[in-house]
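Throughout, a chain's letter reflects where its sequence line sits, starting with A, and its residues are numbered from 1.
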Amino acid sequence: MIQVSHYQKIWHTVQLIPKGYVAGYGQIADLAGLPGRARMVGKSLGATPKGMFIPWFRVLRSNGQIAFPSGSELAAEQTGLLQQENVVVLNNRVKMKVFQWKPDLIEILSKLKY
DNA sequence: CTCGTGACCTTCA
DNA sequence: GTGAAGGCCACGA
């Protein structure tokens, strides 16, 4: 059993999100084995080491809205990256009903077997 | 050790 | 649809 920081687990989990899909902060926290720690996900993404690729733009709020105020640079950046992957973004939000990632337990377990 | 902080979530009015 | 309030807890100073 390797000891890893929660940040590492979160980053790893986020990288499992397939192209063209999105997931919620709470969802990521749950999959990373940290139920109820949605806020930690945000912290982690903010602390993401530069140079390491993390599809942070595929992570949205549970209601499908982008976590940044519309108009901010990050929001624009995220919107652009999502649309680049065929994800429709309108008024700073995404239709979770259509684009939400439905993870396979087998996939998660095999990728996160620490 | 205590305190402040946070890219959140859910519930209720 | 909106907004406020409470809960959650790791992390850094």
Quiz prompt | From dC9(B), dG6(B), dA7(B), nucleotide with atom closest to Ser62(A) side chain | solution = dC9(B)

Quiz item: Roughly how far, to the nearest 0.5 Å, is the NZ atom of Lys9(A) from the OG1 atom of Thr13(A)?
Solution: 8.0 Å

Self-check item: Whole angstrom value for the distance that separates P of dC9(C) from NZ of Lys9(A)
Solution: 15 Å

Practice problem: Take atom CE of Met40(A) and atom P of dC9(B), then tell me their distance rounded to the nearest Å. | Solution: 14 Å

Practice problem: Would you mind reading off the distance between Leu45(A) atom CG and dA10(C) atom C1', rounded to a whole angstrom? | Solution: 14 Å

Practice problem: Whole angstrom is fine here: how far is it from CD in Gln65(A) over to C1' in dT10(B)? | Solution: 16 Å

Self-check item: d(CG, Asn91(A); P, dG1(C)) in whole Å
Solution: 11 Å

Self-check item: Per Arg93(A) side chain, nearest of listed nucleotides dC8(B), dT2(C), dC11(C)
Solution: dT2(C)

Quiz prompt | Between P of dC8(B) and CD1 of Ile66(A), the distance in whole Å | solution = 12 Å

Exercise. Determine whether Val87(A) and Leu90(A) fall in the same hydrophobic cluster, where Ile, Leu, Val, Met, Phe, Trp and Tyr are linked whenever their side-chain heavy atoms lie under 4.5 Å apart.
Key: yes

Quiz item: Of the nucleotides dC9(B), dC11(C), dA7(B), which has the atom closest to the Ala38(A) side chain?
Solution: dC9(B)

Quiz item: Quick check: does any side chain N or O of Trp11(A) sit under 3.5 Å from a backbone N or O of Ser44(A), one acting as donor and the other as acceptor?
Solution: yes

Quiz item: Can you check the His6(A) NE2 to dC9(C) C1' distance for me, whole Å?
Solution: 10 Å

Exercise. To the nearest Å, give me how far apart CD (Gln8(A)) and P (dA10(C)) are.
Key: 17 Å

Quiz prompt | Of the listed nucleotides dC9(B), dG7(C), dT5(B), the one nearest the side chain of Tyr25(A) | solution = dC9(B)

Exercise. Would you mind telling me which residue lines up with the more 5' stretch of DNA chain C, Lys43(A) or Arg39(A), judged by nearest nucleotide?
Key: Arg39(A)

Quiz item: Within the structure shown, what part of the strands sits under 4.0 Å from Gly46(A) by heavy-atom distance: base, sugar-phosphate, or nothing?
Solution: base

Quiz prompt | Any Arg61(A) side-chain nitrogen or oxygen under 4.0 Å from OP1 or OP2 of dC8(B) | solution = yes

Quiz item: Would you find a donor on one side and an acceptor on the other, under 3.5 Å apart, between the side chain of Gln78(A) and the backbone of Asn92(A)?
Solution: no

Self-check item: Tyr7(A) and Lys43(A), any side-chain heavy atoms less than 4.5 Å apart
Solution: yes

